[in-house]
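In each ligand, atom 1 is the first atom listed, and ligand 1 is the first ligand listed. Being a predicted model, the structure only gives us computed values, none of them experimental.
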Amino acid sequence: MRFAPSPTGLLHIGGARTALYNWLQARHDGGAMILRIEDTDRERSTPDNVEQILDALRWLELEWDEGPKSQYERGDRHVEVLGSLLASGAAYRDPATSQDVKAWKDRHGADRGYRGEASDDPGAAVRLRVPDDGDTIVQDLIRGEVRFPNAAADDFVIARGDGSVLYNFAVAVDDADMGITDVIRGDDHLSNTPKQLLVMEAMGVEPPRYAHLPLLHGPDGKKLSKRNGAASVQELRERGYLPAAVRNYLALLGWGTGDDTTVMSTEQLIERFDVSDVGRSSAIFDEQKLRWLNGRFMREMALDEYTAVVARHLGREPDERLRAACSIVQDKAQTLNEVWPLVAFLFEEPVTDEKAWRKVMKDGAFPLLEEAHAALSGVDPFEPGQIERALASVLAERDVKPGKLYQPIRVAITGGTVSPGIFESLAALGREAALRRMRRALDRDRKARRNG
Ligand code: GLU
């Protein structure tokens with residue numbers, strides 16, 4: 001298997017899915033995964049772009065077995081194969097194409113691009129002979145048999161007059177040399193495949209199996225693009241997703257177990273994945289589903305691991321305090337980015353959302369909160385079960401619904417209306433701080449009402 005990105009920018013969802021499918025298939029089959037960087041476009045293949053791709057693959061934990069191999073650096077080998085195809089007559093120089101070559105040079109500059117010294121006649125491009133009849137057949141694992149009539153294809157150019165080889169030629173030579181048995185790539189490459197097959201046939205090598213993945217669409221049904229939901233792997237990382245959840249979600253973009261299983265560990269994915277089970281219709285990238293799945297992964301982690309991951313994400317120490325915060329937020333946060341806003345009240349004095357406070361303090365909440373304050377001062381140990389009992393008795397006496405009391409407490413201790421469970425939040429904050437914040441809120445409220 002191989003993943004062969006062109007390093008023209010960040011790794012996006014589509015490329016990440018292609019990398020993942022190759023990786024899963026390699027792990028499933030016990031094969032090797034080769035990383036080949038298709039860096040023959042010297043202008044766009046900057047070291048920075050290459051590093052972005054490697055970085056994204058590393059974050060996704062899709063480790064490769066060989067490479068990264070540079071396609072550009074294999075230039076001598078491409079020229080060597082070109083020479084042997086010329087010698088065997090499978091390819092020929094076409095002086096008539098020299099004009100095209102000149103035009104290309106004018107556009108790109110004579111020394112740009114990559115070139116070997118295949119030709120002592122720089123005016124003549126090299127063409128591969130395509131049979132006049134018959135079909136070139138792609139046996140695609142997803143689409144089945146796809147036929148390309150040879151009569152419709154010209155003898156195509158595989159090298160320019162200056163000796164630089166063309167894309168489809170380089171890919172075919174590399175796949176052949178690297179012993180690639182399976183190529184999984186996007187549908188947009190299907191039209192390249194007959195050319196690559198013809199090159200391999202001319203080289204006298206067995207072609208790999210091919211699987212062309214249907215394109216990804218955004219939730220609006222349009223092709224996934226930067227404008228339309230396509231995030232880079234780096235963005236997903238910044239938005240606080242876990243690599244394991246991203247792998248799980250990407251795996252399901254076009255592939256499924258057939259039995260509605262959605263939450264799968266990477267081990268399960270490896271065990272069950274088979275690229276020939278990928279569907280033919282385009283899949284939809286829906287970030288809401290990824291969020292949901294990510295939440296599942298967050299909830300199911302062991303607390304120690306969760307704390308370690310959160311600590312790394314926040315750049316904090318995984319100390320006892322953070323661990324306590326993690327234990328109350330784990331059920332609630334769907335992404336790593338959601339953790340801090342939900343637990344910040346444990347680490348710093350909250351800023352009260354005044355509008356929320358006024359809203360929750362309507363209709364007699366004031367004496368209720370006073371009573372809760374009194375009830376909580378006697379709770380010992382200050383732990384969720386005891387806290388719940390103390391507050392329940394306040395509710396019972398007054399015969400009011402829980403929200404009427406819990407929301408004012410929540411705003412008083414966290415500053416807002418959204419937090420982890422109220423008993424757990426109180427316990428994690430500790431009696432002293434909880435009572436202090438409630439008292440302060442009540443005093444402020446009393447003053448405000450006196451003045452108002
Ligand atoms: N370099 C190509 C791309 O990034 C992929 C080529 C291939 O997989 O054969 O789209």
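Geometrically, ligand 1 and A4 share a nitrogen or oxygen pair separated by less than 3.5 Å. Considering backbone and side-chain N/O of R36, none are found under 3.5 Å from N/O of ligand 1.
Under 4.0 Å from ligand 1, the heavy atoms of Y167 that appear belong solely to its side chain. Contacts between P5 and ligand 1, counted as non-hydrogen atom pairs separated by less than 4.0 Å, involve the backbone only.
Considering only non-hydrogen protein atoms, atom 10 (O) of ligand 1 sits nearest to H189 NE2, 2.9 Å. Considering only non-hydrogen protein atoms, atom 4 (O) of ligand 1 sits nearest to S6 N, 3.1 Å. In terms of protein heavy-atom proximity, atom 8 (O) of ligand 1 is nearest to R2 NH1, 2.8 Å.
The aromatic rings of F273 and Y21 are tilted relative to each other, their planes meeting at an angle between 30° and 60°.
With values rounded to the nearest 0.5 angstrom, Y210 atom OH is found 5.5 Å from Q196 atom CD. Interatomic distance, I158 CD1 to R127 CZ, rounded to the nearest 0.5 Å: 10.5 Å. A distance of 11.0 Å separates CD in E80 from CG in L85, rounded to the nearest 0.5 Å.
Of all atoms in ligand 1, numbered sequentially from 1 with element shown, those under 4.0 Å from a heavy atom of E38 are 1 (N), 2 (C), 5 (C), 6 (C).
Heavy atoms from other residues, nucleotides or ligands lying under 6.0 Å from CD of E201 number 12 at most.
Salt-bridge annotation for E354 and K359: absent, with no side-chain N of the basic residue lying under 4.0 Å from a carboxylate O of the acidic one.
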